[in-house]
Amino acid sequence: MADLSVRIGNLLLKNPVMTASGTFGYGVEYADFIDLSRLGGIIVKGTTMAPREGNPYPRMAETPMGMLNAVGIQNKGARYFAEKIYPTIKDIDTNMIVNVSGSDIDSYVAAAGVIDELDRIPAIELNISCPNVRQGGMAFGVSAKAAAEVVEAVRKAYRKTLIVKLSPNVTDIVSIAKAVEDAGADSVSLINTLLGMAVNAETRKPILSTVTGGMSGPAVKPVALRMVWQVAQAVKIPVVGLGGIMTATDAVEFLLAGATAVEIGTANFVDPTVSVKVVDGIADYLQRHDMKSVNEIIGGLET
Amino acid sequence: MQQIMKKHVCDLTVAEAVWLHERCILLKLTRDEVLPPMKAGQFAEVRIDDTPGVLLRRPISIHRVVREKNELWLLVQTVGRGTQRLAMLQNGDVLNVMLPLGNGFTLPESPCRTLLVGGGVGVAPLLQLGVELRALGMRPTFLLGARTANDVLQMREFGQVGEVCVTTEDGSMGESGFVTQHSLLKRKDTFDRIYCCGPKPMMMAVARYAHEHEVWCEVSLENRMACGLGACLCCVEKTKEGHRCVCTDGPVFNICDLTWPI
């Protein structure tokens with residue numbers, strides 16, 4: 001069988017398939033369906049320094065081949081994670097990565113610092129792109145200067161692999177990716193959700209309590225693929241691609257466009273076993289094309 | 001208490017599809033292998049195939065588990081494209097389901113007088129609940145509300161399990177009005193427990209009645225959800241302990257734990 005392993009910074013992934021933050025809980029939610037150790041990594045739910053109640057219900061709307069969410073990073077805080085949740089997930093045999101969010105630079109740094117202390121968390125994904133948090137979140141991700149500032153500050157406080165999750169809700173994602181690379185990120189992951197909206201014509205009201213929300217699912221895949229391709233050409237650090245991946249073929253497309261690894265998000269809601277199917281499907285693809293390593297297809301798009 | 005049951009994702013075959021009225025279908029599902037353990041109040045997330053634009057699974061209550069026939073019954077009301085697709089299923093078609101999800105109703109430890117109140121297609125989980133109460137030696141009372149006589153579902157099935165009272169909004173069957181206006185509820189000190197499922201305004205009215213009369217009461221919520229596994233945090237209900245997932249902490253909640261204005 002072909003070698004599926006890839007490297008992101010100091011992080012070795014047994015295969016390029018991870019699950020996306022906010023779609024896979026802490027991994028254990030899916031343990032009845034799949035062997036979690038078969039995954040390259042699990043990126044757990046967005047974690048902030050202070051606990052967050054999240055946005056009011058309703059938080060979800062289905063859209064054509066996609067969905068909007070407005071969860072608002074509901075979580076019990078980094079300390080609760082470290083004390084109560086981490087002990088229950090630390091022995092899962094894959095890369096357990098924490099998605100870290102904040103509302104200002106200090107809160108990003110503080111949360112990253114708490115996670116840094118946890119031996120079995122080899123990396124964080126810094127979320128500078130959540131569209132559902134009024135204060136901060138995406139505000140950092142939409143300006144190259146603000147993105148660089150928060151990444152630089154976290155880089156000083158955090159010693160392990162630092163992946164920065166980028167927002168697609170920008171004019172020029174390449175300039176932000178470059179700014180984040182210069183500020184010391186080991187990798188960028190993209191895309192976070194696209195800002196969207198849904199209306200109920202009968203009630204004349206928005207469906208989401210927050211009016212707008214983040215769009216995900218197969219409908220966003222072409223946008224994600226384009227952005228991954230653009231960014232991968234412009235930066236030297238590895239790119240993690242996500243956005244609407246439903247099948248192994250979708251994942252291979254992202255790898256060809258230049259992603260070193262991929263994340264599966266909304267697809268987990270449709271098929272709880274999809275992530276391991278994508279792992280198997282990538283292996284089949286490599287075998288079918290007589291390739292020894294997944295690295296042979298990364299960035300292999302022939303244009 | 002919450003009972004953790006192993007969750008499965010599997011294909012089931014439609015053994016029978018019965019139209020109950022023009023917007024409601026009863027699906028009887030089976031497979032060769034024995035169906036996994038599940039209980040009243042839990043639900044299945046049903047995949048919707050071959051429907052343009054539809055992505056997410058649909059949560060559907062467990063209506064009845066017939067162990068002798070290895071059948072799972074689901075009641076589906078057609079409200080949108082997803083449920084309309086389910087209503088097109090025919091004998092022999094295959095349906096992918098994830099189950100059992102959620103915590104289910106809390107059964108009494110010793111026999112008591114139970115009232116099961118359902119509105120519209122919300123009567124679905126009450127049939128299995130009635131069967132489980134019956135197995136514990138109780139004869140439950142069902143109070144079923146609907147708009148018209150035509151919308152009253154599964155009368156015969158409920159009648160085999162317990163006493164059935166009906167209200168219809170147009171008075172075409174049973175007493176006229178809403179469930180909370182039924183004469184049954186005007187009697188004093190009649191029930192020890194109320195279980196309720198239906199439209200939210202109806203459940204709130206029942207919860208208010210239970211609260212005023214100091215009767216133990218559980219309601220089954222159907223908040224809009226995605227994963228069904230407690231991962232996405234979309235389906236939350238505000239409780240006294242903050243936001244909790246309807247899919248894993250519910251769908252059944254004791255009204256004492258909710259923050260409803262009752």
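Convention: sequence-line order gives letters A, B, ...; per-chain numbering from 1.
- B/Cys232 SG to A/Met60 CE: the interatomic distance, rounded to the nearest 0.5 Å, is 7.0 Å.
- The greatest number of non-hydrogen atom pairs below 4.5 Å with chain A, out of B/Gly80, B/Cys234, B/Gly228, B/Cys235, is found for B/Cys234.
- Heavy atoms of A/Phe33 lying under 4.5 Å from chain B belong exclusively to its side chain.
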Taking 3.5 Å as the threshold, show me the donor-acceptor pairs across chain B and chain A, one per line with distances to 0.1 Å.
from	atom 1	to	atom 2	distance (Å)
B/Lys6	NZ	A/Asp32	O	3.2
B/Lys7	N	A/Asp32	OD2	2.8
B/Gly53	O	A/Met65	N	2.8
B/Leu55	N	A/Glu62	OE2	2.9
B/Leu56	N	A/Glu62	OE2	2.7
B/Arg57	NE	A/Val270	O	2.7
B/Arg57	NH2	A/Val270	O	2.9
B/Arg58	NH1	A/Glu62	OE1	3.2
B/Arg58	NH1	A/Glu62	OE2	3.4
B/Arg58	NH2	A/Glu62	OE1	2.6
B/Arg224	N	A/Tyr57	OH	2.6
B/Leu233	O	A/Arg59	NH1	2.8
B/His243	N	A/Glu53	OE1	3.2
B/His243	N	A/Glu53	OE2	3.4
B/His243	ND1	A/Glu53	O	2.6
B/His243	ND1	A/Glu53	OE1	3.2
B/His243	ND1	A/Arg59	NH2	3.0

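- Scanning all heavy atoms of the two residues, the minimum distance from A/Gly25 to B/Ala231 falls at N-CB, 3.5 Å.
- Residues satisfying the side-chain hydrogen bond (donor to acceptor under 3.5 Å, both in side chains) test with B/Thr13, not counting sequence neighbours, are none.
- Atom CD of B/Glu22 has more than 12 heavy atoms from other residues, nucleotides or ligands within 6.0 Å.
- B/Met98 is listed as a side-chain neighbour of A/Pro272, based on a closest heavy-atom distance under 4.5 Å.
- By the 6.0 Å contact criterion, NE2 on B/His211 is open, its count of non-hydrogen atoms from other residues, nucleotides or ligands being 12 or less.
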